[in-house]
Amino acid sequence: MKQAGLAWCNHLTRLLQNMDFKKTISDQCLLIKTTRNPIYVATYIDDLLVASPYDEIINFEKDLLQKLKLKVLGDLRHHLGLNVETPKN
């Protein structure tokens, strides 16, 4: 079971790459899908942090829910000791 985290990371990365995401050179845990409205996905163990316009996030969640069993926790409020506010427009 020592390799379970690595196996999950590899599986998730392959899945996202099949969805046209590319790993960044500077950080292997950040993947970007370059479209008119880019989607940024930061991974940490089994958590995903997604940044993009709201409609893009909803579509991404729908696509990912068809491929994985996930729990969508909603808007980010706290991360790494920082309070995060999400614009409502």
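All residue numbers refer to positions in the sequence shown, counting from 1. A quick note: this is a predicted structure, and the numbers were derived from the prediction, not measured.
By the 4.5 Å heavy-atom criterion applied to side chains, N83 and H78 are counted as neighbours. Side chains of I32 and T24 form a contact here, defined as non-hydrogen atoms less than 4.5 Å apart. Inter-residue side-chain proximity for L48 and L12 is flagged as met; some heavy-atom pair is nearer than 4.5 Å. By the 4.5 Å heavy-atom criterion applied to side chains, L70 and L64 are counted as neighbours. Counting heavy atoms from C-beta on, the side chains of K23 and L30 never come closer than 4.5 Å. A 4.5 Å side-chain heavy-atom check between F21 and V41 finds at least one atom pair inside the cut-off. No side-chain heavy atom of V84 sits under 4.5 Å from any side-chain heavy atom of R77.
Taking both residues in full, the closest heavy atoms of D63 and M19 are given as CB-CE, 3.7 Å, listed atom of the first, atom of the second, then distance.
Atom CD1 of I39 is separated from atom CG of N59 by 7.5 Å, given to the nearest 0.5 angstrom. Annotation: the span from T13 atom OG1 to K22 atom NZ amounts to 13.0 Å, rounded to 0.5 Å. To the nearest 0.5 Å, the span separating CD on Q28 from OG1 on T43 amounts to 9.5 Å. If you take CG on D20 and NZ on K33, they are separated by 5.5 Å, rounding to the nearest 0.5 Å.
Tracing side-chain contacts under 4.5 Å through hydrophobic residues (I, L, V, M, F, W, Y), one reaches W8 starting from V50; they form part of the same cluster. One hydrophobic cluster, built from ILVMFWY side chains closer than 4.5 Å, cannot hold both L76 and F60; they sit in different ones. No continuous path of hydrophobic side-chain contacts links L16 to Y40 [ILVMFWY only; heavy atoms under 4.5 Å].
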Worksheet item: Does the pair H11 and L68 meet the rule for a side-chain contact (heavy atoms from CB on, under 4.5 Å), with working shown?
Response: CA-CA 11 Å; H11 174 70; L68 296 171; 3.8 Å; yes
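Judged by distance alone, the side chain of S52 and the main-chain N or O of I57 form no donor-acceptor pair under 3.5 Å.
Within 6.0 Å of CD1 in I25 there are 12 or fewer heavy atoms belonging to other residues, nucleotides or ligands.
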